[in-house]
Peer 1: 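Next up is a structure, given as structure tokens.
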Amino acid sequence: MPRAKRYWLVKTEPESFSIRDLAASPKQTTCWDGVRNYQARNFLRDDMKLGDEVLFYHSNANPPAVVGTCLVVREAYGDHTAWDKKDHHYDPKASPENPIWQMVDLRLTEIFPHAVSLSELRATKSLATMELLRKGSRLSVQSVRPGEYKMVLAIGRKA
DNA sequence: GCCAACGTTGGC
DNA sequence: GCCAACGTTGGC
């Protein structure tokens with residue numbers, strides 16, 4: 001019995017990596033590097049599996065919004081940016097033998113015709129319990145309930 | 001193990 | 001740019 005598909009949300013600042021950048025990447029796929037929070041790392045390492053579906057969220061954007069979806073196409077492996085001294089996310093404690101930080105590969109599924117803004121998410125009753133909407137929520141990798149995922153998808157696909 | 005200081009996130 | 005909310009660090 002295969003494990004049930006899970007749903008996620010990842011945050012990125014479009015100034016550093018936007019969904020357009022993902023669309024322009026080889027095979028529209030990217031390694032999701034730079035996560036430096038243990039709770040988010042644990043999701044990447046332990047729970048994100050091949051075929052899981054992911055909401056793509058632009059933070060620090062105008063407006064902040066879920067702008068599309070992607071798919072987990074490679075499960076967790078060591079985040080090489082952690083032992084790259086020149087990288088902004090360099091961590092002196094990490095090495096290829098002890099990566100500490102993990103990443104997955106994500107492939108673009110769709111860019112929404114209608115970006116679902118944060119205020120729109122807040123205005124949707126059935127999304128009231130989304131982690132993203134919790135006060136002070138800062139996790140850059142979050143779990144999303146199947147019903148929440150489907151609702152965001154439905155709003156984003158409306159022209 | 002406590003907790004103050006500090007750094008980061010991210011909406012506004 | 002402001003600032004609230006968090007996470008991490010390090011002295012004790």
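Side chains are part of it too, since the values below use all heavy atoms of this structure and drop only hydrogens, waters and symmetry mates. Everything quoted here is computed from the prediction, not taken from an experiment.
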Peer 1: Listing time: all N or O pairs from protein to nucleotides 9-12 of chain B that are below 3.5 Å?
Peer 2:
unit_1, atom_1, unit_2, atom_2, d
B/dG10, OP1, A/Lys11, NZ, 2.7
B/dG10, OP1, A/Arg138, O, 2.9
B/dG11, OP1, A/Tyr57, OH, 2.5
B/dG11, OP2, A/Asn60, N, 2.9

Peer 1: Determine whether the side chains of A/Tyr149 and A/Glu53 contain a donor N or O and an acceptor N or O closer than 3.5 Å.
Peer 2: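 There is such a pair between these side chains.
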
Peer 1: Strictly distance-based, threshold 3.5 Å: is any side-chain N or O of A/Arg74 a donor or acceptor partner for the main-chain N or O of A/Met103?
Peer 2: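 Pair absent, no side-chain N/O of A/Arg74 close to backbone of A/Met103.
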
Peer 1: Could you work out, with salt bridge (Lys or Arg N to Asp or Glu O under 4.0 Å) as the rule, every residue matching A/Asp21, not counting sequence neighbours?
Peer 2: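 Per chain and number, A/Asp21 pairs via salt bridge (Lys or Arg N to Asp or Glu O under 4.0 Å) with no residue.
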
Peer 1: For A/Trp32, which residues count as a side chain to side chain donor-acceptor pair (under 3.5 Å) partner, sequence neighbours excluded?
Peer 2: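 Partners of A/Trp32 under the side chain to side chain donor-acceptor pair (under 3.5 Å) test: none.
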
Peer 1: Tell me yes or no: between the side chains of A/Trp8 and A/Asp52, is some donor less than 3.5 Å from an acceptor?
Peer 2: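 Present: a donor and an acceptor within the cut-off.
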
Peer 1: For A/Tyr38 and for A/Lys135, find the nucleotide of DNA chain C with the closest heavy atom, then tell me which residue's nucleotide is more 5'.
Peer 2: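 Nearer the 5' end of the strand: A/Lys135.
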
Peer 1: What is the distance from CG of A/Asp91 to C1' of C/dT8, rounded to the nearest Å?
Peer 2: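 Atom CG in A/Asp91 sits about 12 Å away from atom C1' in C/dT8.
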
Peer 1: Is the gap between the ring centers of A/Tyr38 and A/Trp101 under 6.0 Å?
Peer 2: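 Yes, they do, as the ring centres are separated by less than 6.0 Å.
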
Peer 1: So does A/Met130 have more than 12 non-hydrogen atoms from other groups sitting under 6.0 Å from CE?
Peer 2: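 Atom CE in A/Met130 is crowded, with more than 12 foreign heavy atoms closer than 6.0 Å.
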
Peer 1: C/dG1 C1' sits how many Å from A/Asn62 CG, rounded?
Peer 2: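 Roughly 15 Å, once rounded to whole Å.
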
Peer 1: Determine, stepwise, if the pair A/Thr129 / A/Glu148 fulfils side chain to side chain donor-acceptor pair (under 3.5 Å).
Peer 2: CA-CA 9 Å; A/Thr129 55; A/Glu148 295 166 348; 3.3 Å; yes

Peer 1: Measure across A/Leu153 and A/Phe112 and return the closest heavy-atom pair with its distance rounded to 0.1 Å.
Peer 2: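 Looks like CD1-CE2, 3.7 Å.
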
Peer 1: Any residue in residues 97-105 of chain A with a heavy atom nearer than 4.0 angstrom to DNA chain C? Just list them by number, or reply none.
Peer 2: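 Those residues: none at all.
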
Peer 1: Restricting to salt bridge (Lys or Arg N to Asp or Glu O under 4.0 Å), what partner residues turn up for A/Asp33, sequence neighbours left out?
Peer 2: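 Salt bridge (Lys or Arg N to Asp or Glu O under 4.0 Å) check on A/Asp33 returns nothing, list empty.
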
Peer 1: Could you give the angle between the helix axes at the two ends of the helix from B/dG1-C/dC12 to B/dC12-C/dG1, with five pairs per end, rounded to 10 degrees?
Peer 2: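 So the angle between the two local helix axes works out to 10°.
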
